[in-house]
Amino acid sequence: THDQVGNRAAGDRLCHLTSDGMTAIGAALLLTSPYTPMLVRGEEWAASTKWQYFAQHEEEWLSQSIRDGRNAEFAAHGWSEDVPDPTADSTVENSRLNWIEIQQPRHQRMLQWYRRLLRLRREVAALREVPLGESEVSIDADQQMWWVRRGAITVIANVGESEALVNLPPDVRDRHTLAVWDQAHVQDDTVTLGGHDVIVLGPEGDT
């Protein structure tokens, strides 16, 4: 939600904290989940600009109260760096999106990935109809592999930095590749994923 981006102390985004592959994994988990996703201003193309909380009030006492409140809130969480002044013009300027980035290869690739996942969410029945309680999540800590199942849809994510080869369960071996971030591919009854890679599998015929 906006609280996880705009209300963070420095306004940093997920893509500022980790690799593009891990950002893509986060997008895949979000956009194949049963919850209504919220994308925050430029998240869909991994915007380099931060999204910092800002506010404008005529009353100086109210502005000061907001400054003090945010400083106290994040200090209570152990944040030791300066929190941007919500009422400063620079905070607004720092948060203005650089729309030219959409034309750059790295950002264009992320945008296309979000579009692919959103199209799947619209077109694949399992991503609309499977009830919340019927989703399954499993984590293999040794292989650094995450599995998410929603009906006939399976998302496999390699959160490790090294290539990984995993065996597919019998009920997944006939699945079709619906989306892949990087080098992930299925061969026979196994799937190979590059470091920080993710693949979405589903029934033949889903697009």
Side-chain angles (χ1 to χ4, degrees), residues 1 4-5 8-35 37-40 42-48 50 77-78 101 104-121 124 126-127 130 132 134-203 206:
T1 70
Q4 295 167 307
V5 180
R8 288 176 57 83
D12 45 353
R13 303 171 183 269
L14 177 62
C15 63
H16 301 158
L17 305 175
T18 188
S19 68
D20 285 355
M22 288 294 282
T23 301
I25 289 173
L29 297 177
L30 173 67
L31 296 177
T32 60
S33 77
Y35 306 99
M38 174 181 283
L39 306 182
V40 180
E43 176 183 346
E44 67 275 22
W45 77 77
S48 65
K50 295 184 177 182
H77 293 306
E101 289 184 337
Q104 300 170 358
R106 171 177 175 259
H107 299 284
Q108 179 66 218
R109 182 187 183 196
M110 189 65 70
L111 179 60
Q112 292 303 321
W113 177 243
Y114 269 83
R115 285 176 170 170
R116 177 63 176 162
L117 294 169
L118 288 168
R119 185 162 61 249
L120 286 178
R121 189 177 183 90
V124 177
L127 296 178
V130 174
L132 173 62
E134 295 183 15
S135 300
E136 300 178 11
V137 178
S138 60
I139 299 174
D140 186 328
D142 293 332
Q143 284 196 306
Q144 295 186 287
M145 201 71 58
W146 287 44
W147 295 68
V148 179
R149 294 194 183 195
R150 290 193 65 199
I153 301 299
T154 301
V155 181
I156 308 172
N158 177 14
V159 300
E161 296 182 355
S162 302
E163 181 179 276
L165 179 69
V166 296
N167 294 321
L168 294 172
D171 62 332
V172 180
R173 292 174 185 172
D174 62 345
R175 295 296 187 246
H176 180 61
T177 299
L178 303 181
V180 58
W181 167 248
D182 194 13
Q183 305 175 31
H185 62 276
V186 177
Q187 184 174 4
D188 300 325
D189 60 351
T190 61
V191 59
T192 303
L193 298 101
H196 296 177
D197 202 358
V198 60
I199 190 171
V200 181
L201 302 174
D206 284 326

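Note that the structure is predicted; figures quoted are calculated from it, not measured.
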Rounded to the nearest 0.5 Å, how far does [atom2] of [Y] lie from [atom1] of [X]?
X	Y	atom1	atom2	answer
Met110	Gln104	CE	CD	13.5 Å
Leu30	Leu117	CG	CG	9.0 Å
Leu118	Arg115	CG	CZ	10.0 Å
Asp12	Arg8	CG	CZ	4.0 Å
Glu44	Leu31	CD	CG	10.5 Å

Exercise for the section: Taking atom CD of Gln112 as the centre, report whether more than 12 heavy atoms of other residues, nucleotides or ligands fall under 6.0 Å from it. Expected result: yes
4.5 Å side-chain heavy-atom contact, [X] and [Y]:
X	Y	answer
Trp45	Glu101	yes
His185	Val191	no
Arg121	Pro37	yes
Glu163	Leu193	no
Asp182	Arg109	yes
His176	Leu201	no
Thr192	Gln187	no
Glu43	Tyr114	yes

Output yes when a side-chain donor or acceptor of [X] lies under 3.5 Å from a complementary backbone atom of [Y], and no otherwise.
X	Y	value
Arg116	Leu178	yes
His16	Ser48	yes
Gln143	Asp140	no
His107	Pro105	no

Completion exercise
From the list Asp20, Val200, Ile199, side-chain contact (heavy atoms from CB on, under 4.5 Å) with Trp181 holds only for Asp20
Problem - Qualifying residue, where the test is side-chain contact (heavy atoms from CB on, under 4.5 Å) with Leu168 and the options are Val186, Asp174, Thr190 - result: Val186
If you look at every heavy atom in [X] and [Y], which pair is closest and at what distance?
X	Y	value
Ala47	Cys15	O-SG, 3.6 Å
Ala24	Trp113	O-NE1, 3.1 Å
Pro203	Arg175	N-CD, 3.8 Å
Met145	Ala164	CE-CB, 3.5 Å

Side-chain donor-acceptor distances from residues 146-159 under 3.5 Å, at least two apart:
| from | atom 1 | to | atom 2 | distance (Å) |
| --- | --- | --- | --- | --- |
| Arg149 | NH1 | Asp171 | OD2 | 2.8 |
| Arg150 | NH1 | Thr32 | O | 3.0 |
| Arg150 | NH1 | Ser33 | O | 2.9 |
| Arg150 | NH1 | Leu127 | O | 3.2 |
| Arg150 | NH2 | Val130 | O | 3.2 |
| Asn158 | OD1 | Gly160 | N | 3.0 |
| Asn158 | ND2 | Ser162 | O | 2.9 |
| Asn158 | ND2 | Gly194 | O | 2.9 |

